[in-house]
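Comments concern the structure below.
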Amino acid sequence: MSLSLLVYRSRSTNQLKKDKVVAMSKHFAVRNRDRDITGMLVFDGQYFMQILEGPRQKVTALYELIKTDPRHEEVVTVLDEPIYRRTFDEWGLGFIVIKDDGGKQIISSDLTFDNQLYKLGLDNLKRVDETRASMIIDAFAKGRWREPYTILSDEFYEDLPQEAVPEFSNGESLGLYPVNFAFQPIVNPVSKLVTSAEALLRGPNNESPATILSQYSGIDLYRFDLESKQYALQIAADMGLPCRVSVNLLPMSLIMIPDAVDFLLDKIESLGLSSEQIIVEITEEEAITNHDAFHGAVTRLRAAGIKVAIDDFGAGFAGLSLLAEFQPDKLKIDRKLIQGIQTNGPKQAIVRAVIECCYSLGISVIAEGVEDAAEVNWLLEAGVSKFQGFYFARPSFNGFPQINW
Ligand code: C2E
Ligand code: MN
Ligand code: MN
């Protein structure tokens, strides 16, 4: 049964008192339970945001009904996509957060969950599970879905708890694999934790990805691209990387090879990894030029629990219009926009807009190709917390590099 997730925002038609909203949410809880739908309702005194998760057809049918409800207007669909598993199932079927005078108060519509919810609190929601839905709720609570929206505050992007820093010797060669990968960390320099490691294709003598991929064409290219990833996963598993692993794939590789996602899942499982630990990076350029393949690939990956990143954002031509149509879990801003940002006004304006947009949409932002402290400092102040680049570590051939914090 395919599950889907839908998040919408709307504005209350009337001034609602707290008791009224609580009563409404109790009614919704029962309605949703009957429909096998879980989720959460948030109200800030003026706007609603609701998360609905459940069987696809039931969610769609309920949303159609909700849209006709006269108690709210300005209904905006924020997220609508397939999901691998539910996030809100153990928290009851519908609860509500009311923000009074900037303070947060959580009232459960399912009384048995009261204690648990008070403990969780809105601030903790994001820490429990870094899903897009919880990140979007966080942005909502900070006023990003109000109209006109409030300006960026300095509490922007709190650090999320990350995995422990792995310890590996520098550039150690495993020398066991027919294809090789260099691993480059993506780091959060504030919490000094590694977010993930990107596997970059290499030849036996450290040849570049372009050199290796150019030896193949047609279906062979896609087959090689996909099948080489089993070695990336194997090296990552052998190194015992305690962080997420990112691999690069052409969207066509996921479309042209039958059962490509099953192939990946099979390797992930037999290596003792979890699909939710894996990120597939697709470049902005590929996403635009192979539009249908890209959409097909993303749907399959998401349904399998694999996260999707848009790579080299800003290097292609789609820019923000790509985000209007599709929202990845992660967005990697291309080095072209990052290089020398501390002195470049237009780059600053563009990157600020991208950050703001990703924040509202629950997309985590990574700055690619940072080479010096001035770039990192500017980006940290603008709210970026994740970085990849020579400044922190160069890719390490069949190994994991030392990080220069
Ligand atoms: P990418 O995914 O954007 O990977 C980052 C590239 O930027 C890497 O080049 C990395 O070495 C380089 N880089 C990282 N930090 C810095 C920095 O601070 N400054 C500069 N100047 N460069 C930095 P690499 O390894 O040559 O990879 C090039 C591209 O090849 C990748 O770009 C990715 O799009 C593609 N690629 C890599 N592995 C695969 C693969 O397995 N399959 C496919 N289809 N493409 C791959
Ligand atoms: Mn990449
Ligand atoms: Mn890139």
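Atoms within a ligand are numbered from 1 in the order they appear, just like the ligands themselves. Because the structure is a prediction, the values reported are computed rather than measured. Below, all heavy atoms of this structure are taken into account, side chains as well, without hydrogens, waters or symmetry copies.
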So does [X] pair up with [Y], basic N to acidic O under 4.0 Å?
{"X": "K336", "Y": "D312", "result": "no"}
{"X": "E198", "Y": "K332", "result": "yes"}
{"X": "E276", "Y": "R85", "result": "yes"}
{"X": "D311", "Y": "K330", "result": "no"}

Closer than 4.0 Å: a protein non-hydrogen atom to [atom]:
{"atom": "atom 37 (C) of ligand 1", "value": "yes"}
{"atom": "atom 32 (O) of ligand 1", "value": "no"}
{"atom": "atom 9 (O) of ligand 1", "value": "no"}

Task: Donor-acceptor contact present, side-chain N290 to main-chain A293, <3.5 Å - done: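 No: the side chain of N290 does not pair with the backbone of A293.
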Open item on the list: Tell me whether S196 contacts the main-chain N or O of R244 through its side chain, where contact means a donor paired with an acceptor under 3.5 Å.
Closed with: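 Answer holds: no.
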TODO: Could you confirm whether T283 has any N/O/S atom lying under 2.8 Å from the Mn ion (ligand 2)?
DONE: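 Of the N, O and S atoms in T283, none lies under 2.8 Å from the Mn ion (ligand 2), which means no.
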Does any N or O of ligand 1 fall below 3.5 Å from an N or O anywhere on [X], backbone included?
{"X": "Y391", "value": "no"}
{"X": "F390", "value": "yes"}
{"X": "D311", "value": "yes"}
{"X": "T283", "value": "no"}
{"X": "S228", "value": "no"}

TODO: Report the angle formed at the Mn ion (ligand 3) by atom OE1 of E368 and atom OD1 of D311, rounding to the nearest 10°.
DONE: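 E368 OE1 and D311 OD1 form an angle of 90° at the Mn ion (ligand 3).
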Task: Shortest-distance N, O or S atom of E281 relative to the Mn ion (ligand 2) - done: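 Atom name of the closest N, O or S in E281: OE1.
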Open item on the list: Between the Mn ion (ligand 2) and E198, which N, O or S atom of the residue is the nearest one?
Closed with: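 Result for E198 and the Mn ion (ligand 2): OE2.
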Of all the atoms in ligand 1, which lie at a distance below 4.0 Å from a heavy atom belonging to [X]?
{"X": "G389", "result": "15 (N), 18 (O)"}
{"X": "L201", "result": "37 (C), 38 (N), 39 (C), 40 (C), 41 (O)"}
{"X": "V370", "result": "18 (O)"}
{"X": "L213", "result": "43 (C), 44 (N), 45 (N)"}
{"X": "P395", "result": "11 (O)"}

Open item on the list: Working to the nearest 0.5 angstrom, can you tell me the gap between D266 CG and D259 CG?
Closed with: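 That separation rounds to 10.5 Å.
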- [ ] Calculate, to the nearest 0.5 Å, the distance between atoms NZ and CD belonging to K307 and E281 respectively.
- [x]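 Taking NZ in K307 and CD in E281, the distance rounds to 13.5 Å.
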Task: Centroid-centroid distance, F181 to Y231, less than 6.0 Å - done: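 No.
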TODO: Would you please indicate if the ring centroids of F48 and Y8 are separated by under 6.0 Å?
DONE: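 Distance test on ring centres: not under 6.0 Å, no.
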Task: R394 near ligand 1 by a heavy-atom separation under 4.0 Å - done: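 No, R394 has no heavy atoms under 4.0 Å from ligand 1.
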Open item on the list: Heavy-atom contact check, 4.0 Å cutoff: does S208 meet ligand 1?
Closed with: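 Under 4.0 Å: no for S208.
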TODO: Look at atom CD of E207 and say whether more than 12 heavy atoms of other residues, nucleotides or ligands are closer to it than 6.0 Å.
DONE: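 Enclosed: over 12 neighbouring heavy atoms sit under 6.0 Å from CD of E207.
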Open item on the list: Closer than 2.8 Å to the Mn ion (ligand 3): does that hold for any N, O or S atom in D334?
Closed with: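 False for D334.
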